[in-house]
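What follows is one structure encoded as structure tokens, with my remarks underneath.
Below, chain A is the first sequence line, B the second, and so on; all start at residue 1. No experiment lies behind these values; they were computed from the predicted model shown.
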Number of protein chains: 2
Amino acid sequence: MSQPSDAATVGVNPEFWVKAVRSYWQGGGYRLTEPRQRMLDSMVAYAAPFSAEQLYADMQTVEVVAPGRATVYRTIEQLNGAGWLARIHTQSGEGYVPSFPGHLHHLVCTRCGKVVAFEGCALEGLVERLASQTDFMIEGHLLQLYGRCGECQRV
Amino acid sequence: MSQPSDAATVGVNPEFWVKAVRSYWQGGGYRLTEPRQRMLDSMVAYAAPFSAEQLYADMQTVEVVAPGRATVYRTIEQLNGAGWLARIHTQSGEGYVPSFPGHLHHLVCTRCGKVVAFEGCALEGLVERLASQTDFMIEGHLLQLYGRCGECQRV
DNA sequence: GTCACTGCAAAAGGTTTGCAACGGA
DNA sequence: TCCGTTGCAAACCTTTTGCAGTGAC
């Protein structure tokens, strides 16, 4: 992923991501609506993975006019399906973070929830080994790393 | 994991696993009760990951006296916490499979749901690379492979 | 004007909890 | 007997759905 690096939000550069999703909506027969724009701005402000309900609830309290529950759920589902949101699995449940379409993995801080995306998982050797050992034809994988980010190591 | 190999159920040898969990319950201040025993037998019979609700519902229809919902949820939670059940993430949701405590990963058939556990994930190189690149102190990971098992390749 | 999208409100699921009764060790 | 466990039923929380109205293009 070639995007300007910036540690402000969870892994991605906020403006870059917002712009990218906007243009995704403008192409392909989708519509760039008011509620969606607000959602983008809210999503990008999280410092850790967020859930659908959480985003919905937060927006109710912060915004004057906030998207309805159905809109929030449907939009998240769409963005996740298209790769603009990545689903993160943590001990305390599932959540989403802004992301980019493509083969990415995530490194998650177990203390503050910060997420960093990375490419290159170097699993080819393992895949080959297992393919021959198990008779499976391996097609994909789920990989996520856990650890402590720099700041959280010093606490 | 040194257990007798057997492909009858999802990854583990049924009798071996049931025995192991029984003795886990007999030690450590737990109790080996009737409902729990029934649950073990039901869990081991699944050919694919099962959910709590699913196990509960299935037992209601199959057994004469079946455990209550709370018991099913609580028992699953306990076994998962102790490593006797592994949580499996699939496209169609989350599920559990019989497993053994320790560092294991799973290879899941995307068609029939069959699961095979394996050790040795060969992520050391990746972990080192990321540790130096990101300032994270990496402590663990979630890894799951997806593919088609032998049988499902021929369909 | 068309059709994707929205919002409401209800329904549908899944999971958790309190508490009195039960039953392994 | 002791205390972990059970079962019920209600509460709770999250997610989905139908449908009439709205607004982006």
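B:Arg69 is linked by a salt bridge (charged side-chain N to carboxylate O under 4.0 Å, His left out) to B:Glu53, counting only residues two or more places apart in sequence or in another chain. For the salt bridge (charged side-chain N to carboxylate O under 4.0 Å, His left out) test, residues two or more places apart in sequence or in another chain that qualify with A:Glu63 are A:Arg38. By the side-chain hydrogen bond (donor to acceptor under 3.5 Å, both in side chains) test, A:Gln78 is found to be paired with A:Trp25, residues two or more places apart in sequence or in another chain being considered. For A:Thr61, there are no side-chain hydrogen bond (donor to acceptor under 3.5 Å, both in side chains) partners two or more places apart in sequence or in a different chain. Residues that satisfy the salt bridge (charged side-chain N to carboxylate O under 4.0 Å, His left out) test with B:Asp58, not counting sequence neighbours, are absent from this structure. Residues satisfying the ring-ring contact (aromatic ring centres under 6.0 Å, His included) criterion with A:His105, sequence neighbours excluded, are A:His103, A:Phe118, A:His141. The side-chain hydrogen bond (donor to acceptor under 3.5 Å, both in side chains) search around A:His89 returns A:Glu94, B:His89, not counting sequence neighbours.
With a cutoff of under 4.0 Å to any heavy atom of chain B, the contacted region of DNA chain D is bounded 5' to 3' by D:dC3 to D:dC8.
Taking 4.5 Å as the limit, some side-chain heavy atom of B:Thr90 sits within range of a side-chain heavy atom of B:Val108. In this structure the side chain of B:Ser51 never reaches within 4.5 angstrom of the side chain of B:Tyr96, judged on heavy atoms.
Note on residues 48-73 of chain B: pairs passing ring pair (Phe, Tyr, Trp, His ring centres under 6.0 Å), not counting sequence neighbours, are B:Tyr46-B:Phe50.
Rounded to an integer number of Å, the gap from A:Gln60 CD to C:dT6 P is 14 Å.
Taking the screw axis at each terminus of the helix from C:dG1-D:dC25 to C:dA25-D:dT1 from five consecutive base pairs, the angle between the two is 40° to within rounding of 10 degrees.
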Measure all distances between protein nitrogen or oxygen atoms and nitrogen or oxygen atoms of nucleotides 20-25 of chain C, and list the pairs falling under 3.5 Å.
unit_1	atom_1	unit_2	atom_2	d
C:dG23	N2	B:Arg31	NH1	2.4
C:dG24	N2	B:Arg31	NH1	3.2
C:dG24	N2	B:Arg31	NH2	2.9

Nucleotides 11-19 of chain C: which of its N/O atoms have a protein N/O under 3.5 Å away?
unit_1	atom_1	unit_2	atom_2	d
C:dT15	OP2	B:Tyr73	OH	2.9

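Just one of A:Thr75, A:Leu79, A:Asp41 meets the side chain to side chain contact (heavy atoms under 4.5 Å, CB included) condition when paired with A:Arg36; it is A:Thr75.
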### Query
Given A:Lys114 and B:Asp135, is the salt bridge (charged side-chain N to carboxylate O under 4.0 Å, His left out) satisfied, shown in steps?
CA-CA 12 Å; A:Lys114 179 163 38 181; B:Asp135 194 32; over 6 Å; no

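Aromatic ring centres of A:Phe136 and B:Tyr146 lie farther apart than the 6.0 Å criterion allows.
The nearest heavy atom of DNA chain D to B:Gly29 and to B:Gly68 marks one nucleotide each, and the one closer to the 5' end goes with B:Gly29.
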